[in-house]
Amino acid sequence: MTKVPHRLYLTEDQIPQQWYNLRADMKEQPAPMINPATGKPAELEDLYPVFCKELAAQEMDGKTRYFDIPDEVMDIYKIYRPAPLCRAYNLEKALDTPAKIYYKFEGNNTSGSHKLNSAVAQAYYAKKEGLRGVTTETGAGQWGTALSEACSYFGLDLEVYMVKVSFQQKPFRKDIMKTFGAKVFASPSDRTEAGRKILAEDPDNSGSLGCAISEAVERAVTSDGYKYVLGSVLNQVVLHQSIIGLESKLAMEMLDEYPDIVIGCAGGGSNLGGIIAPFMQDKLTGKASPRIVAVEPASCPSLTRGVYKYDFCDTGKITPMAKMYTLGCTFKPSANHAGGLRYHGMSPILSKLYHDKYMEAVSYEQTKVFEAAVQFAKLETILPAPESAHAIRGAIDEAIRCREAGESKTILFGLTGTGYFDMTAYAAYNEGNMSDYVPSDEDLKPAIDALPKIPGIQE
């Protein structure tokens, strides 16, 4: 028997030529977005003021199973893809587990994460539409970095609204964005009505993804030649990120492997939706039944403690409303190191799949997450992003359960990126200064109670 390599790279010719749309195989579609101005389901044209037309079409399409990846996008993908499928031999040995642990490593590009997969696509469609530039938000900075790279390549202007606490914790992230030509602002800022309103109510507001989205959308719709792009949550983003799972499945097939458990970190849903896509397809169509596990921070537990309701995607309440697991768009996450996992809601696609029991969710305190991150770094030589470390924590615990039960299962998790710009977080953990924050039910109640009322839909 041939030993499985530590890293398996597909060839360029094996990179998937199409993105996979999970909605095409779902038994029930996610609930439609609601236009806040009309209180009725959003039409395609309602999205045009905010999104590029082709991206709006992808957002609303629940029938097309596969979308061809444009040649111009594929040309950039080939610079950093295919991404390797890795076998965590050292971690398996240290855990003394009969489980086989695989991870898909998406950190081999300057952005340090999977975010470039959608950034390239969205920048391409913006350029194709003849736009001058785009606006966006970023939490940990990975999305902003990826989009700055993509916009630089296609010659587009970019304004990034970065969650203020991350802006302060990760100064070099914004310097990379500036290197690629982006303008970066700490959010909430005084550049928008949404930002000024939030600062008036709370001058020391540390920011949130919902707040940054409000600012970026406002800037897009009030600026000629600009549209807004988003790095997670949206259907179009989950579509683009499916390349992660498609490559993973092909590589595992070459090894005559199939995962019993697929694990992804969960913030807005881009990485999770990407890694699970083809395996969830098998589950939806009855071909296989892997366990699919979402791992989120205990400080921002939208799946495990949120409610499945319609909510605004932003704090300023100017975006369409989506039915998703949410903590409420006014929920203010703690200023911890979960970075890109500090969003108040979850992808409507993944929310529906979770609601329909196709996947599970768990949450962890950040000290447990960093314990796993350090263990993984020592054994596998990759310093993981804090977001990715949530999936590592989940994989380690599943491997320990296999040891205790004497079961040899195959585990696959998504290693979304590297943690080299997260050293303040690692320093806090290593120096014993990291604390755990878990919101109480009383902490969560005000934002959940403030969810929008939609006549005839959500009273």
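Side-chain atoms are counted along with the backbone in the values below, which use heavy atoms only and exclude waters and symmetry mates. The model shown is predicted, which means the values in this text are computed figures rather than measured ones.
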| Where Cys211 and Pro188 come nearest, the two heavy atoms and their spacing | SG-CB, 3.6 Å
| Of Arg393, Arg291, Arg403, Lys409, which is the lone residue that meets salt bridge (charged side-chain N to carboxylate O under 4.0 Å, His left out) with Glu398? | Arg291
| message | A side-chain contact here means heavy atoms from C-beta on lying under 4.5 Å apart; do Pro5 and Leu255 qualify? | response | yes
| said: Distance check, rounded to the nearest 0.5 Å: Ser347 atom OG versus Lys352 atom NZ? | reply: 13.0 Å
| request: Mind running salt bridge (Lys or Arg N to Asp or Glu O under 4.0 Å) on Glu92 and Arg87 for me, showing each step along the way? | output: CA-CA 9 Å; Glu92 292 172 12; Arg87 177 76 180 267; 2.6 Å; yes
| said: Run Lys170 and Asp422 through salt bridge (Lys or Arg N to Asp or Glu O under 4.0 Å) and show every step you take. | reply: CA-CA 7 Å; Lys170 303 172 185 181; Asp422 301 283; 2.6 Å; yes
| Do Glu380 and Tyr89 have side-chain atoms, one donor and one acceptor, less than 3.5 Å apart? | no
| said: If I take atom CD from residue Glu404 and atom OG1 from residue Thr97, how far apart are they, to the nearest 0.5 angstrom? | reply: 9.5 Å
| message | I need the minimum non-hydrogen distance between Phe413 and Ala391, along with the two atoms involved. | response | CD1-CB, 4.1 Å
| Counting N and O atoms only, with roles assigned by atom type, does the side chain of Arg23 sit under 3.5 Å from a partner on the main chain of Lys63, one being a donor and the other an acceptor? | no
| said: Please tell me whether Phe421 and Phe172 form a close aromatic pair, meaning their ring centres lie under 6.0 Å apart. | reply: no
| request: Establish, from distance only, whether the side-chain atoms of Trp143 and Thr136 form a donor-acceptor pair under 3.5 Å. | output: yes
| Is any side-chain heavy atom of Lys164 closer than 4.5 Å to a side-chain heavy atom of Asn205? | no
| Distance-minimising heavy-atom pair for Leu209 and Thr138 | CD2-C, 3.9 Å
| request: Say whether, by atom type as modelled, one donor and one acceptor occur between the side chain of Ser148 and the main chain of Ala182 under 3.5 angstrom. | output: no
| Any donor-acceptor pair under 3.5 Å linking the side chain of Glu407 with the backbone of Cys402? | no
| message | A side-chain contact here means heavy atoms from C-beta on lying under 4.5 Å apart; do Asp443 and Tyr437 qualify? | response | yes
| query | Is the shortest heavy-atom distance from the side chain of Leu250 to the side chain of Leu10 under 4.5 Å? | reply | yes
| message | Closer than 3.5 angstrom, by distance alone: can the side chain of Thr315 be matched with the main-chain N or O of Cys329 as a donor-acceptor pair? | response | yes
| request: Can you see which heavy atom on Ser388 is nearest to which on Gly417, and at what distance? | output: OG-N, 3.1 Å
| Heavy-atom check, side chain of Lys115 versus side chain of Ser270, under 4.5 Å | yes
| query | Between Tyr308 and Lys323, is there a cation-pi geometry (under 6.0 Å to ring centre, at most 45° from the normal)? | reply | yes
| request: Would you indicate whether the side-chain heavy atoms of Asp311 and Pro452 approach each other to under 4.5 Å? | output: yes
| Is there a donor-acceptor pair closer than 3.5 Å between any side-chain N or O of Thr410 and the backbone N or O of Pro259? | no
| message | For the residue pair His240 / Gln58, report whether a side-chain donor-acceptor contact shorter than 3.5 Å exists. | response | yes
| Worked verdict on Phe376 versus Leu379 for side-chain contact (heavy atoms from CB on, under 4.5 Å) | CA-CA 5 Å; Phe376 181 86; Leu379 294 168; over 6 Å; no
| query | Is the backbone of Ala42 close enough, under 3.5 Å, to the side chain of Asp46 for a donor and an acceptor to pair up by distance? | reply | no
| Tell me, which pairs form a salt bridge (charged side-chain N to carboxylate O under 4.0 Å, His left out) where one or both residues lie in residues 229-258, sequence neighbours left out? | Arg81-Glu247, Lys100-Glu257, Lys104-Glu247, Lys249-Asp282
| query | Under the 3.5 angstrom rule, does the side chain of Thr416 hit a backbone N or O of Asn271 as a donor-acceptor pair? | reply | no
| task | Consider only side-chain N and O atoms of Asp436 and Thr367, and report whether a donor and an acceptor are under 3.5 Å apart. | result | yes
| field | Euclidean distance, Leu272 CG relative to His390 NE2, rounded to 0.5 Å | value | 13.0 Å
| request: Quickly, which of Ile263, Val293, Ile396 forms a side-chain contact (heavy atoms from CB on, under 4.5 Å) with Ile411? Name it, please. | output: Ile263
| said: With side-chain contact (heavy atoms from CB on, under 4.5 Å) as the criterion, how do Gln236 and Phe51 come out once you've worked through the C-alpha distance, each side chain's angles and the decisive distance to 0.1 Å? | reply: CA-CA 11 Å; Gln236 57 189 276; Phe51 300 119; 4.2 Å; yes
| field | Heavy-atom side-chain proximity of Leu415 to Glu106 below 4.5 angstrom | value | no
| message | Within this structure, what is the CD1-CG distance for the pair Ile400 and Leu95, rounded to the nearest 0.5 Å? | response | 5.5 Å
| message | Counting neighbours of NZ on Lys357 that are heavy atoms of other residues, nucleotides or ligands and sit closer than 6.0 Å, is the number greater than 12? | response | no
| Residue pair Tyr343 / Gly268: nearest heavy atoms and the distance that separates them | CD2-CA, 4.2 Å
| request: Please assess Phe279 against Val262 for the test side-chain contact (heavy atoms from CB on, under 4.5 Å), listing each intermediate value before the final yes or no. | output: CA-CA 8 Å; Phe279 306 106; Val262 184; 4.1 Å; yes
| For the atom pair OG1 (Thr110) and CG (Leu116), what is the distance rounded to the nearest 0.5 Å? | 8.5 Å
| request: Verify the ring-centre separation between Phe370 and Tyr364: is it less than 6.0 angstrom? | output: no
| note | Heavy atoms of Leu22 and Gln281 approach each other most closely as CD2-N, 4.3 Å
| request: Find the distance between OH (Tyr429) and CE (Met434) and round it off to the nearest 0.5 Å. | output: 8.5 Å
| field | Under 3.5 Å donor-acceptor, Gln241 side chain and Ile275 backbone | value | no
| task | Check whether more than 12 heavy atoms from other residues, nucleotides or ligands sit under 6.0 Å from atom NZ of Lys27, and answer yes or no. | result | yes
| field | Atom NZ of Lys309 with >12 non-hydrogen neighbours under 6.0 angstrom | value | no
| Intermediate values then yes/no, salt bridge (Lys or Arg N to Asp or Glu O under 4.0 Å), Glu365 and Lys368 | CA-CA 6 Å; Glu365 296 85 355; Lys368 292 181 180 178; 3.7 Å; yes
| said: Pairing donors with acceptors under 3.5 angstrom, does anything connect the side chains of Arg173 and Thr145? | reply: yes
| query | Which class fits the ring pair Trp19 and Tyr77: parallel under 30°, tilted 30 to 60°, perpendicular over 60°? | reply | perpendicular
| Side chains of Asp25 and Thr285: do they bring a donor and an acceptor to under 3.5 Å? | no
| message | Would Glu296 and Thr304 count as a side-chain contact (heavy atoms from CB on, under 4.5 Å) here? Give the steps. | response | CA-CA 8 Å; Glu296 61 184 8; Thr304 52; 2.6 Å; yes
| field | Heavy-atom check, side chain of Val50 versus side chain of Lys227, under 4.5 Å | value | no
